[in-house]
There are 2 protein chains.
Amino acid sequence: MSKKRDTIVETADRLFYREGFAATGIDRVVEAAEVALGTLYKHFQGRSALVVGALDHREATYFARLEEAAAGLEGPPRVLSLFDGLLAWAEAEGGNGCLFLRAAAAHPLDAEIRTRVRQHKARYLALCRRRLREAGWEATAARRLAPQIFLLLEGAVAAAAQLGDKMAVSQARRMAAELLQREPAPGNPRQ
Amino acid sequence: MSKKRDTIVETADRLFYREGFAATGIDRVVEAAEVALGTLYKHFQGRSALVVGALDHREATYFARLEEAAAGLEGPPRVLSLFDGLLAWAEAEGGNGCLFLRAAAAHPLDAEIRTRVRQHKARYLALCRRRLREAGWEATAARRLAPQIFLLLEGAVAAAAQLGDKMAVSQARRMAAELLQREPAPGNPRQ
DNA sequence: GGAAAAATAGAACGATCGTTCTATTTTGTC
DNA sequence: GACAAAATAGAACGATCGTTCTATTTTTCC
């Protein structure tokens, strides 16, 4: 819609993630986005709205990346591509943990932000379930397996956060592969 | 050593965890600890030193709790008690994620704090390895299994953080139990 | 019991930061 | 080319917060 708005949102997303919420103020975003302070306040009510905008941007781009990673895949690899998408993201932007959880930690009393965090995690879990179904698992099995896949994803993000340890992602992927192999989908009895 | 110092550290730990680093300033700690501002600055050089003090306190109390949970246990349960300790902690203090990771996120450029975070995670991983060895696994097996247990622990903490979802901890515990059962320790061939 | 040390209350400072405002310049459109 | 809308630079404000300082009171210890 607005080119300026997009620039601001992308810059805010990048800065918030790379340098943290505490370290990047409005001025910092304005400077990096090469935009005037007034322009930012024309598009966003205030800092809170800017953070929400950055989270929405991250939500869209991250899930888009996960769709790319799954393109053309079927069976268990379609589920495991969730880890490939995570790895690609960690390599591209450096594993600094989950932007949503960090936003919630940095703005503890902001209801709007907390809502986005919950939404993000709910959608992430729902995506795990959907992928399992697409890969051939029954609804009941998908409902049981999805939280386990989700837990491995969360563990990978958290473990990768502390030392840029990308190994944690492949570790989690291997564990997920074993998990899926142990109870194969009726639709894909052979891996 | 100093009673006042202990009170300050305990209060800071509790407030930082319950209300977040951004929301609890020096004044807030002083008020809750029922201590004068000058007393705090007599014991700590500044905010950064206070945060480090709180992290050290958390480190000590958390690992002590893990020791308690493992007392008297042998074999796989000795490893799984890591999850019991985590659950007890989550129920007592409410799962708000890992204090160390939150501290690092809130003070991105503080070298001292980043060091404590790395130390904490390294010790946690080392504890996983030690427990596996105590439970009868060989050194090579322990080195391979420890990161997997650690990943499940991190995943449980992160997943529990978003909705007070204590189920994530028991979920992770079940996954760890299966993991250990799949390749039993020579010293404890029967579970 | 009296001296030294610690603790207290509270004011004051300086810096940071989110936000608003104004005056000027640029951009887009008929 | 003119006019309206958007963008710009930059000053200014108010609030928060970490930190320092002073004067007074309490505690500790010989």
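All values reported here derive from a predicted model rather than from experimental measurement. A, B, ... follow the sequence lines: proteins, then strands. Residue 1 opens every chain.
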[X] side chain, from C-beta outward: closest of [options]:
| X | options | result |
| --- | --- | --- |
| A:Ile26 | D:dT20, C:dT8, C:dG18 | C:dG18 |
| A:Leu37 | D:dG18, D:dA11, C:dA9 | D:dA11 |
| A:Thr39 | D:dT8, C:dT19, D:dT19 | D:dT8 |
| B:Lys4 | C:dG18, C:dA7, D:dA7 | C:dA7 |

Is any side-chain nitrogen or oxygen of A:Lys42 closer than 4.0 Å to OP1 or OP2 of D:dT8?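 Looking at the OP1 and OP2 atoms of D:dT8, neither is under 4.0 Å from any side-chain N or O of A:Lys42.
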Using whole Å, report how far [atom1] of [X] lies from [atom2] of [N].
| X | N | atom1 | atom2 | result |
| --- | --- | --- | --- | --- |
| A:Phe44 | C:dT20 | CZ | C1' | 18 Å |
| A:Leu40 | D:dT8 | CG | P | 11 Å |
| B:Asp27 | C:dA12 | CG | P | 16 Å |
| B:Tyr41 | D:dC17 | OH | P | 13 Å |
| B:Arg47 | D:dT19 | CZ | P | 8 Å |
| B:Phe21 | D:dC17 | CZ | P | 16 Å |
| A:Gln45 | C:dT20 | CD | C1' | 14 Å |
| B:Glu34 | C:dT8 | CD | C1' | 13 Å |

Check A:Arg182 with A:Glu178, please: is the shortest side-chain N to carboxylate O separation under 4.0 Å?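 Salt bridge flag = no for A:Arg182 with A:Glu178.
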Thinking salt bridges, do A:Arg58 and A:Glu93 make one under a 4.0 Å N-O criterion?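 Answer for the salt bridge query: yes.
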Could you report the tightest heavy-atom contact between B:Ala158 and A:Glu154, atom names first, then the distance?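 Smallest heavy-atom distance, with atoms named: CB-OE1, 3.7 Å.
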Against the six-membered ring of A:Phe150, is A:Arg129 placed for a cation-pi contact (under 6.0 Å from the centre, within 45° of the normal)?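 Verdict for A:Phe150: no cation-pi partner in A:Arg129.
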Would you mind telling me which residue lines up with the more 5' stretch of DNA chain C, B:Val35 or A:Gly25, judged by nearest nucleotide?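 Here B:Val35 is the residue nearer the 5' end.
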Pair A:His107-A:Arg47, side-chain donor/acceptor within less than 3.5 Å: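 There is such a pair between these side chains.
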